[in-house]
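The structure appears right after this line, and notes come after that.
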There are 2 protein chains.
Amino acid sequence: MTTTPDAKPRGTRLPRMARRRQLLSAAQEVFVENGYHAAAMDEIAERAGVSKPVLYQHFPGKQELYLALLDLHVDDMITRCRDALASTTDNKQRVQAAIGAFFDFVSGQGEAFRLVFESDLRNVAPVRQRIERNLRESAEMISQVIQEDTGCSSDEAHLLGVGLVGMAEVSARYWLSSNGSIPKDAATQLMARLAWRGISGFPRTG
Amino acid sequence: MTTTPDAKPRGTRLPRMARRRQLLSAAQEVFVENGYHAAAMDEIAERAGVSKPVLYQHFPGKQELYLALLDLHVDDMITRCRDALASTTDNKQRVQAAIGAFFDFVSGQGEAFRLVFESDLRNVAPVRQRIERNLRESAEMISQVIQEDTGCSSDEAHLLGVGLVGMAEVSARYWLSSNGSIPKDAATQLMARLAWRGISGFPRTG
DNA sequence: GGGTCATCCTACGCGCGGGTAACCAGGTCA
DNA sequence: TGACCTGGTTACCCGCGCGTAGGATGACCC
């Protein structure tokens with residue numbers, strides 16, 4: 001069913017770093033399936049084929065474990081976005097690539113995007129901080145391009161950037177959930193067209 | 001500080017319906033401030049100036065209380081969106097009004113939008129259901145207009161609708177959090193311009 | 001005044017789950 | 001061969017917070 005590719009014959013000894021990676025992988029499965037609160041440390045340990053204290057030898061607590069995972073994927077998303085914008089200097093293709101980054105992120109690595117886009121635990125400061133960092137930095141990069149291309153003020157460009165990120169994020173999640181009704185390429189191109197028509201040569205007033 | 005306008009001199013007896021409304025109001029405060037999980041039934045009761053069993057005479061459990069509140073605000077959001085689209089037949093103004101609906105919703109009634117847009121508890125089926133209903137119905141209404149106006153297929157129009165809703169939602173939340181840097185009217189007009197440029201006369205292919 | 005009904009209180013049961021104490025096993029090196 | 005280090009285990013503690021049992025209090029009617 002939903003078994004990790006990692007072997008787990010409850011009894012194999014692993015070197016520290018290998019075990020750590022495996023624990024992170026198990027934790028990701030459980031957190032993604034159940035969310036933070038419904039996830040039990042017992043289950044994470046069990047899923048890794050190991051007992052609970054082992055978990056606590058690698059991570060001081062549940063929240064820290066979660067944050068480690070969250071950091072990983074926030075960095076991933078930001079990197080994808082940055083790379084997309086750096087992949088070309090043609091702004092139309094930049095839009096296409098950036099939107100594609102969101103669709104790729106959402107369809108990648110075992111639904112890990114849920115940690116970033118659907119986290120319960122937003123009320124805890126360190127988590128909120130990381131999630132907002134994702135939005136802020138992605139939008140910041142985009143708003144840079146917008147400001148160069150149009151005459152918008154910084155505040156306006158930021159708001160537009162945030163709007164575009166929101167569009168990409170929400171549509172990507174929706175596309176994933178309605179699996180199959182539209183192929184990925186078609187979906188990204190559709191959204192890219194919407195975004196590009198909206199943003200290209202954006203008028204200062206109008 | 002953050003006290004309800006309702007009086008709460010711990011000892012006043014209230015008729016059933018009045019008490020119920022007051023409990024809902026107290027619960028909203030606490031759920032919005034802390035999220036579902038960090039919210040304690042004890043605190044909700046205390047905030048209402050009443051003891052816990054009273055709460056349980058009105059609602060069978062914590063989750064049902066939360067759902068009652070959630071329903072209220074999901075309905076509110078959907079109604080705002082529907083009214084916005086029905087307020088005119090000019091599609092450009094429709095876009096403006098619909099975006100405005102999101103900004104109004106977000107800035108209204110004590111940050112209650114957090115229940116709909118930032119709920120921890122999405123993993124619980126009845127909650128997820130209601131949150132998705134909001135997205136689905138809002139996007140559905142918009143996609144109707146899109147299909148009439150452009151030659152898009154139903155699937156494409158739905159994806160576009162979801163994207164626009166996401167754009168509105170996320171930008172509205174961002175605008176609220178960066179309080180003051182842009183006036184509300186300017187922000188909605190900015191986003192409406194982005195959306196309208198993107199969607200108006202959307203080409204079947206391109 | 002006394003029944004009775006609705007409203008509200010104090011005080012407790014209890015399960016769940018994060019975190020820990022104390023102990024075992026096997027490889028390596030002097 | 002025995003000290004020792006690394007990696008692992010079982011079994012437990014304990015606090016928090018939802019939900020409830022059982023009792024008080026006051027309004028209203030006869």
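Just so we're on the same page: letters track the sequence lines, and every chain starts at 1.
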Select base, sugar-phosphate, or nothing to describe what Ala39(A) touches, counting heavy atoms under 4.0 Å on all strands. sugar-phosphate
Could you work out, with side-chain hydrogen bond (donor to acceptor under 3.5 Å, both in side chains) as the rule, every residue matching Arg136(B), not counting sequence neighbours? none
In whole Å, I'd like the distance from the CZ atom of Arg20(B) to the P atom of dT7(C). 13 Å
Nearest-Å distance, CG (Leu55(A)) to C1' (dG7(D))? 14 Å
For dC8(C), does OP1 or OP2 lie under 4.0 Å from any side-chain N or O of Arg19(B)? yes
Could you check how far CD1 of Ile44(B) sits from C1' of dC8(C), rounded to whole Å? 18 Å
Residues that Tyr36(B) engages under ring-ring contact (aromatic ring centres under 6.0 Å, His included), provided they are two or more places apart: Phe31(B), Tyr66(B)
Distance-only polar pair, side chains of Lys184(A) and Ser107(A), donor-acceptor under 3.5 Å: yes
Separation of dC18(D) C1' from Leu65(B) CG (nearest whole Å): 13 Å
So if I take every side-chain heavy atom of Ala40(A) and compare against dC18(D), dG18(C), dG8(D), which nucleotide ends up nearest? dG18(C)
Glu140(A): which residues meet the side-chain hydrogen bond (donor to acceptor under 3.5 Å, both in side chains) condition with it, sequence neighbours left out? Gln144(A), His158(A)
Interatomic distance, Tyr36(A) OH vs dG17(C) C1' [rounded to whole Å]: 11 Å
Residues at least two apart in sequence or cross-chain that pass side-chain hydrogen bond (donor to acceptor under 3.5 Å, both in side chains) with Arg197(B), listed by chain then number, are none
Over how many whole Å does the gap from Lys62(A) atom NZ to dT20(C) atom P extend? 15 Å
Write down the distance between CD (Glu46(B)) and P (dC9(C)), rounded to a whole number of angstrom. 12 Å
Report the residues that fulfil salt bridge (Lys or Arg N to Asp or Glu O under 4.0 Å) with Asp155(B), sequence neighbours left out, ordered by chain and then residue number. none
Determine the interplanar angle of the Phe117(A) and Phe105(A) rings, folded into 0 to 90°, and report it as parallel if under 30°, tilted if 30 to 60°, perpendicular if over 60°. perpendicular
Take the protein atom CZ of Arg21(A) and the nucleotide atom P of dG7(D), then report the distance between them rounded to whole Å. 13 Å
Among dG17(D), dG8(D), dG18(C), the one nearest Asp42(B) by side-chain distance: dG17(D)
Compare the minimum distances between each of dC9(C), dG17(C), dT7(C) and the side chain of Arg16(B), then state the nucleotide with the smallest one. dT7(C)
Set out, line by line, the N/O atom pairs under 3.5 Å between protein and nucleotides 20-29 of chain D.
from: dT25(D); atom 1: O2; to: Arg13(B); atom 2: NH1; distance (Å): 3.4

